Enquirer: 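Can you read through this structure? Questions will come right after.
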Amino acid sequence: MSPFALFLSTLLILSSSCCYAIGSQNNRTVLALASRIGINYGKLGNNLPSPYQSINLIKTIKAGHVKLYDADPETLKLLSKTNLYVTIMVPNNQIISIGADQAAADNWVATNVLPFYPQTRIRFVLVGNEILSYNSDQDKQIWANLVPAMRKVVNSLRARGIHNIKVGTPLAMDALRSSFPPSSGTFREDIAVPVMLPLLKFLNGTNSFFFLDVYPYFPWSTDPVNNHLDFALFESNSTYTDPQSGLVYTNLLDQMLDSVIFAMTKLGYPNIPLAISETGWPNAGDIHEIGANVLNAATYNRNLIKKMTANPPLGTPARRGSPIPTFLFSLFNENQKPGSGTERHWGILNPDGTPIYDIDFSGTRSVSSFGSLPKPSNNVPFKGNVWCVAVDGADEAELGQALNFACGRSNATCAALAPGGECYAPVTVTWHASYAFSSYWAQFRNQSSQCYFNGLARETTTNPGESI
């Protein structure tokens, strides 16, 4: 650690509303964690390398921290042979049982922490993943048990003499009712008092972090006319001044982070440090998904790392100089993630381990020193027709099941496929599935349906009817 960084650990750090002190030991921990950019290691793919190969790749890219979406014993054992910091996760479906029973928490810690710690350098246990983004009755039971579960996990760790593993929970930006301008940041009414207040009290009392999944891609792509791309990619020469706070912003990420700081401040907790549990930019996507390309992904992630590894730390306009531990999303493109095409294209590596684009996790390499990348054509909205068709080589039995699903929701979807109908011929599963997929997608696209069908469909700008 540099002399300046050590000096920072004893300073009073300014926020937008007050001065506050972070204990020197805790601040040294924050600085150490923030100086090592982390990577999210997801496994939702049928073509990914083994855990052994994946960990070697993580070491090759020189990430300093790896975040898992489980507590896989094989992976944790392999990580014991590395110097990587490690984050593990309690699944959403175990939160209720752990929140209600200390013995369940003790069992989880005994199974998922004790066999590996301290040889495996576990630093965070995250309880659940974006649980406030779901709101069924069952989900609301999970909300109610979130903080009790976190508290019981901490109790179990401390009972075993473990004090340097922090417990948190990653939340998405949809936990906010308002996020722009940043000073208007406010948590949703349905969670502010029953969930966020006890959560913030817990995080404050345990010197833990507010973990945030934050993606500037989404607000930019929703309104690319009023949100400039260079502002989202840390490339802008323009600034935005918050009309209430007077704080000046040079990028979209800082705006999003500060909106959470303002939201916490309004509930009486201005000092809880932030950690970015997920952020990134998609390297590809569906035809209509604007700005999802390799150049934008490389630009965002390279500039992000440069910002987050700066020494001394840059922080945000509301917290100048505050280090922010950051995890990039994600290690691989994961081809079995449901949803739109971007969901399967956040990786920095292909499944064979080759880089999708060069990146330097240390932040020491000049961004301008990287080689050129193809100029994208999708930084403006796509104008034209798009169809949803069966992928080449799809299993006919699986296509048949997907065809039945697509035709089963509405009689109108597949009426033209009836015998004698205008689209009945050719009578093949592939053709009927392609017609059904496009018809279903056209009907229900405005209800968030995707051209995916469990990986059996893809988008095309070629009318499939013209090839008959």
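What you see is a predicted model; the values in this text were computed from it and never measured. Nothing fancy with the numbering, it's 1 onward along the sequence.
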Enquirer: Not counting sequence neighbours, which residues clear side chain to side chain donor-acceptor pair (under 3.5 Å) with Arg365? List them please.
Expert: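 Ser369.
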Enquirer: With heavy-atom distances below 4.5 Å as the criterion, would you say the side chains of Leu257 and Val214 are in contact?
Expert: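 Yes. Closest side-chain heavy atoms under 4.5 Å.
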Enquirer: Main chain of Leu253, side chain of Asn251: is a donor-acceptor contact present, judged purely on distance under 3.5 Å?
Expert: yes
Enquirer: Are any of the side-chain heavy atoms of Leu132 and Asp174 separated by less than 4.5 Å?
Expert: no
Enquirer: Taking the side chain from Asn40 and the backbone from Leu328, do they hold a donor-acceptor pair closer than 3.5 Å?
Expert: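 Yes: the side chain of Asn40 pairs with the backbone of Leu328.
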Enquirer: Do Tyr249 and Phe231 touch side chain to side chain, with heavy atoms closer than 4.5 Å?
Expert: yes
Enquirer: Applying side chain to side chain contact (heavy atoms under 4.5 Å, CB included), name anything that partners Pro243, two or more places apart in sequence or on another chain.
Expert: Pro181, Tyr240
Enquirer: Where do Leu197 and Leu267 come nearest, in terms of heavy atoms and distance?
Expert: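 Between these two residues, the closest heavy atoms are CD2-O, 3.6 Å.
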Enquirer: Taking ring-ring contact (aromatic ring centres under 6.0 Å, His included) as the test, write out the residues that go with Tyr134, two or more places apart.
Expert: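 Applying ring-ring contact (aromatic ring centres under 6.0 Å, His included) to Tyr134 gives none.
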Enquirer: Any heavy-atom pair between the side chains of Leu76 and Leu68 that's under 4.5 Å?
Expert: yes
Enquirer: Which residues pass the side chain to side chain donor-acceptor pair (under 3.5 Å) test with Asp72, not counting sequence neighbours?
Expert: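 Asp72 satisfies side chain to side chain donor-acceptor pair (under 3.5 Å) with Lys43, Thr75 only.
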Enquirer: Working to the nearest 0.5 Å, report the span between NE2 of His228 and CG of Asp223.
Expert: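 It is 10.0 Å, given to the nearest 0.5 Å.
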Enquirer: Is a side-chain N or O of Asp230 found less than 3.5 angstrom from the main chain of Asn237, in a donor-acceptor match?
Expert: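 No: the side chain of Asp230 does not pair with the backbone of Asn237.
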Enquirer: Could you state the interatomic distance from CE (Met264) to CG (Leu200), rounded to the nearest 0.5 Å?
Expert: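 Here the rounded value is 6.5 Å.
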Enquirer: Side-chain contact test, heavy atoms from C-beta onward, threshold under 4.5 Å: evaluate it for Ile324 versus Arg319 and give yes or no.
Expert: no
Enquirer: Any idea which heavy atoms bring Pro49 and Leu57 closest together, and the distance?
Expert: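 So the minimum-distance heavy-atom pair works out to CG-CD1, 4.2 Å.
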Enquirer: Is the backbone of Gly315 close enough, under 3.5 Å, to the side chain of Lys307 for a donor and an acceptor to pair up by distance?
Expert: yes
Enquirer: Can you list everything that forms a side chain to side chain donor-acceptor pair (under 3.5 Å) with Ser156? Sequence neighbours excluded, please.
Expert: Asp106, Arg160
Enquirer: Using ring-ring contact (aromatic ring centres under 6.0 Å, His included) as the criterion, list what pairs up with Tyr300, not counting sequence neighbours.
Expert: Phe234, Trp281
Enquirer: Test side-chain hydrogen bond (donor to acceptor under 3.5 Å, both in side chains) on Asn385 and Asn463; report intermediate values, then the result.
Expert: CA-CA 8 Å; Asn385 294 321; Asn463 185 345; over 6 Å; no
Enquirer: Please check if the side chain of Arg302 supplies one atom and the backbone of Asp358 the other of a donor-acceptor pair under 3.5 Å.
Expert: yes
Enquirer: Which of parallel (below 30°), tilted (30 to 60°) and perpendicular (above 60°) describes Trp346 and Phe218?
Expert: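 Rings of Trp346 and Phe218: tilted, as their planes differ by 30° to 60°.
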Enquirer: Any sub-3.5 Å donor-acceptor pair from Asn283's side-chain atoms to Gly347's backbone N or O?
Expert: yes
Enquirer: The criterion is side chain to side chain donor-acceptor pair (under 3.5 Å); which residues satisfy it with Ser54, sequence neighbours excluded?
Expert: Tyr41
Enquirer: In terms of relative ring orientation, are Tyr217 and Trp220 parallel, tilted or perpendicular, with 30° and 60° separating the classes?
Expert: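 Correct class here is tilted.
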Enquirer: With sequence neighbours left out, write down each residue that passes salt bridge (Lys or Arg N to Asp or Glu O under 4.0 Å) with Asp190, or none if nothing qualifies.
Expert: Arg188
Enquirer: Enter the distance from Asn204:CG to Asn271:CG here, rounded to the nearest 0.5 Å.
Expert: 7.0 Å
Enquirer: Please check if the side chain of Asn303 supplies one atom and the backbone of Thr299 the other of a donor-acceptor pair under 3.5 Å.
Expert: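 Here the side-chain-to-backbone pair exists.
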Enquirer: For Glu74, give me all partners under salt bridge (Lys or Arg N to Asp or Glu O under 4.0 Å), at least two apart in sequence or on another chain.
Expert: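 Testing Glu74 for salt bridge (Lys or Arg N to Asp or Glu O under 4.0 Å), a comparison that skips the adjacent residues, returns none.
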Enquirer: Using modelled atom types and a 3.5 Å cut-off, is there a donor and acceptor pairing between side-chain atoms of Asn378 and backbone atoms of Ile287?
Expert: no
Enquirer: Kindly state whether the ring of Tyr269 and the ring of Phe210 have centres lying under 6.0 angstrom apart.
Expert: no
Enquirer: Restricting to non-hydrogen atoms, name the atom on Pro216 and the atom on Thr279 that form the minimum distance, rounded to 0.1 Å.
Expert: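 Scanning both residues completely, I find the closest heavy atoms to be CD-OG1, 4.0 Å.
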Enquirer: For residues Phe180 and Pro219, determine if any side-chain heavy atom of one lies less than 4.5 Å from a side-chain heavy atom of the other.
Expert: no
Enquirer: Answer whether the closest heavy-atom distance between the side chains of His288 and Val386 falls below 4.5 Å.
Expert: no
Enquirer: For the backbone of Thr364 and the side chain of Asp360, can you confirm whether one donor and one acceptor N or O come within less than 3.5 Å of each other?
Expert: yes
Enquirer: For Thr206 and Ser208, test the side chains for any donor-to-acceptor distance below 3.5 angstrom and give the result as yes or no.
Expert: no
Enquirer: Decide yes or no for Met173 and Leu212: does some side-chain heavy atom of the first lie under 4.5 Å from some side-chain heavy atom of the second?
Expert: yes
Enquirer: Using a distance-only test with no angle check, is there a side-chain donor-acceptor pair under 3.5 angstrom linking Asn92 and Asn129?
Expert: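 Distance-only check fails for Asn92 and Asn129.
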Enquirer: Test: disulfide (SG to SG under 2.5 Å). Region: residues 320-389. Which pairs qualify, not counting sequence neighbours?
Expert: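 Qualifying pairs: Cys388-Cys451.
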Enquirer: Taking ring pair (Phe, Tyr, Trp, His ring centres under 6.0 Å) as the cut-off, I'd like each qualifying pair that reaches into residues 371-390, sequence neighbours left out, listed once.
Expert: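 Ring pair (Phe, Tyr, Trp, His ring centres under 6.0 Å) check on residues 371-390 returns no pairs.
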Enquirer: Is a side-chain N or O of Asp286 found less than 3.5 angstrom from the main chain of Glu289, in a donor-acceptor match?
Expert: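 Flag not set: sc Asp286 to bb Glu289 has no pair under 3.5 Å.
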Enquirer: If a pair satisfies salt bridge (Lys or Arg N to Asp or Glu O under 4.0 Å) and one of its residues is in residues 321-343, list it, with sequence neighbours excluded.
Expert: Lys337-Glu343
